[in-house]
Engineer: 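Questions regarding the structure given below will be posed in turn.
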Number of protein chains: 2
Amino acid sequence: MNHYANQTRLLVAIDCIIFGFDGQEIKLLLIKRNFEPEQGKWSLMGGFVKEDEDLDVSASRILYELTGLTNIYVEQVQIFGNVRRDPVERTLSVMYFALINIADHDTDAVRSHNASWISLSQKPNLIFDHDEMVAIAMDRLRYKAALHPLGFELLPEKFTIPQLQKLYEAVYNIPLDRRNFSRKLLSTGLLQETGEKDENSATKKAMLYRLNQDRYQSRFNAFWNFVPDSMLV
Amino acid sequence: MNHYANQTRLLVAIDCIIFGFDGQEIKLLLIKRNFEPEQGKWSLMGGFVKEDEDLDVSASRILYELTGLTNIYVEQVQIFGNVRRDPVERTLSVMYFALINIADHDTDAVRSHNASWISLSQKPNLIFDHDEMVAIAMDRLRYKAALHPLGFELLPEKFTIPQLQKLYEAVYNIPLDRRNFSRKLLSTGLLQETGEKDENSATKKAMLYRLNQDRYQSRFNAFWNFVPDSMLV
DNA sequence: TTCTTTTGTGTCAGTGAGACACAATTACAG
DNA sequence: CTGTAATTGTGTCTCACTGACACAAAAGAA
């Protein structure tokens, strides 16, 4: 026996929800399709799973083709499998969400795919069930970022505490108290002073930190709580 | 265009990790296979996704076939997709984990599938990557039950606070303080007194509660914390 | 009736969260 | 050169909740 007889085989695709942060807003990397189906409309970046390709490898490949990046934060969210979600043919889709530092990506690769960074607040309608995917991925981001130190993945290597606070305020769309935020964050021991200051500021220059990588790795699955419970519902 | 040309179609299966609780230990509903491949070995309950079947429907069908139950707690965990995970033929597998009240299931259906409830501590080795699936599902159960009021799904309609405590102690394999547990639990407002007492006890009979369904539904996605953070790593 | 086991509830000290105020830094305007 | 406006860094106080702990009541067994 080298195959299962009489069973249906199905198309399986990957769709990537790629988040970035420009210092003010959460952004999505979306594609204006210059190919069929639904040419001319916006969609997530995706592709089919190949015969000899693990799912995670497939997701990494697709992300690399679009951004030129390799070591980025990627996480499988879930698989979508409603029978009629793709009007062309039944296609299962495995959602991956990715967090990237918006300054790092390969601009040429993005341009050649006809992709753009678009603010979540200005997102156009997407094809198929991609709007629902974005909503689910955003929920997942909110959920995980509230419990684990995930947000750093969206910032450059050196960052300031006010930048991180702006990121959290953008993710949860709430104001946070500077003093409490800073106190909590520093108490985690995740930050390492660089001794440098952020020269881009027009007023008092904030101190630049980098992640304490050892502690970040070892504490990633531990819990923290930077968001009021009421936000997590 | 009514199909995508030149793309590989793949087999997609469902595998269900079914948890139960007998009052002392967490148990799994496992199958001693009387069919190929790997006949005679233990495995999770599973099946192939049919052509016109949504994934969630497929999981519900498989659970119904084995247990005769319909309204049970089911949740998609993730999809496994390594190329060589199934030696017969590449098969993707969508993991679902289910929580059922062990007293409710259809004994005949279970027997006819050659299935048994087996304590987690006495689990035999399972076929393929099913051991890894169980480990991942158990992690998910620990994670979610620490944050959301999930455990009730494993208990009968009427239950006592000590029963629920034993359940948590079994899930996390730690002792919990009766007094603090009870105080926290009652403060959630999730419990409704029934006025009855547990007649099975040989000493002081504990009070029976039932879930406040309204509050359970509305607070399910809110957060609670019944487990020390150190357990959640 | 006494003993043993289990259940229900109260107290107390320490920790952490959230609300809040003030001093220091920096560019820019006058 | 000086003052001003914006932004950053840090300290304090109160309240609530957690975790550690003790005692009284219920119920069957001896």
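Numbers restart at 1 for each chain; the letters A, B, ... are given by sequence-line order, proteins then strands. Because the structure is a prediction, the values reported are computed rather than measured.
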Engineer: Nearest-Å distance, CG (A:Leu185) to C1' (C:dA17)?
Structural biologist: 15 Å
Engineer: Within a 6.0 Å radius of atom OH on B:Tyr64, are there more than 12 heavy atoms belonging to other residues, nucleotides or ligands?
Structural biologist: no
Engineer: Specify the residue among A:Arg178 and B:Leu186 whose closest nucleotide of DNA chain C lies further upstream toward the 5′ end.
Structural biologist: B:Leu186
Engineer: Between B:Phe181 (CZ) and D:dT18 (P), how many Å, whole number?
Structural biologist: 13 Å
Engineer: Rounded to whole Å, how long is the line connecting atom CH2 of A:Trp224 with atom P of C:dG16?
Structural biologist: 16 Å
Engineer: Only one of A:Phe223, A:Tyr73, A:Trp224 clears ring-ring contact (aromatic ring centres under 6.0 Å, His included) with A:His148; which?
Structural biologist: A:Phe223
Engineer: Less than 3.5 Å between a donor and an acceptor, one on the side chain of A:Arg179 and one on the base of C:dA21, is that the case here?
Structural biologist: yes
Engineer: Take the angle between the ring planes of B:Phe226 and B:Tyr168 and call it parallel below 30°, perpendicular above 60°, tilted in between.
Structural biologist: tilted
Engineer: Calculate the interatomic distance between B:Asn225 atom CG and D:dA16 atom P; express it in whole Å.
Structural biologist: 19 Å
Engineer: Distance from A:Leu29 atom CG to A:Ile118 atom CD1, nearest 0.5 Å?
Structural biologist: 9.0 Å
Engineer: Closest nucleotide of DNA chain C for B:Arg183 versus for B:Thr160: which of these residues is on the 5' side?
Structural biologist: B:Thr160
Engineer: Centre-to-centre under 6.0 Å for A:His105 and A:Trp117, is that the case here?
Structural biologist: yes
Engineer: Can you list, by residue number, the residues of residues 196-205 of chain A that have a non-hydrogen atom closer than 4.0 angstrom to DNA chain C?
Structural biologist: A:Lys197, A:Ala202, A:Thr203, A:Lys204, A:Lys205
Engineer: Do A:Asp198 and A:Lys158 meet the salt-bridge criterion of a basic N to acidic O distance under 4.0 Å?
Structural biologist: no
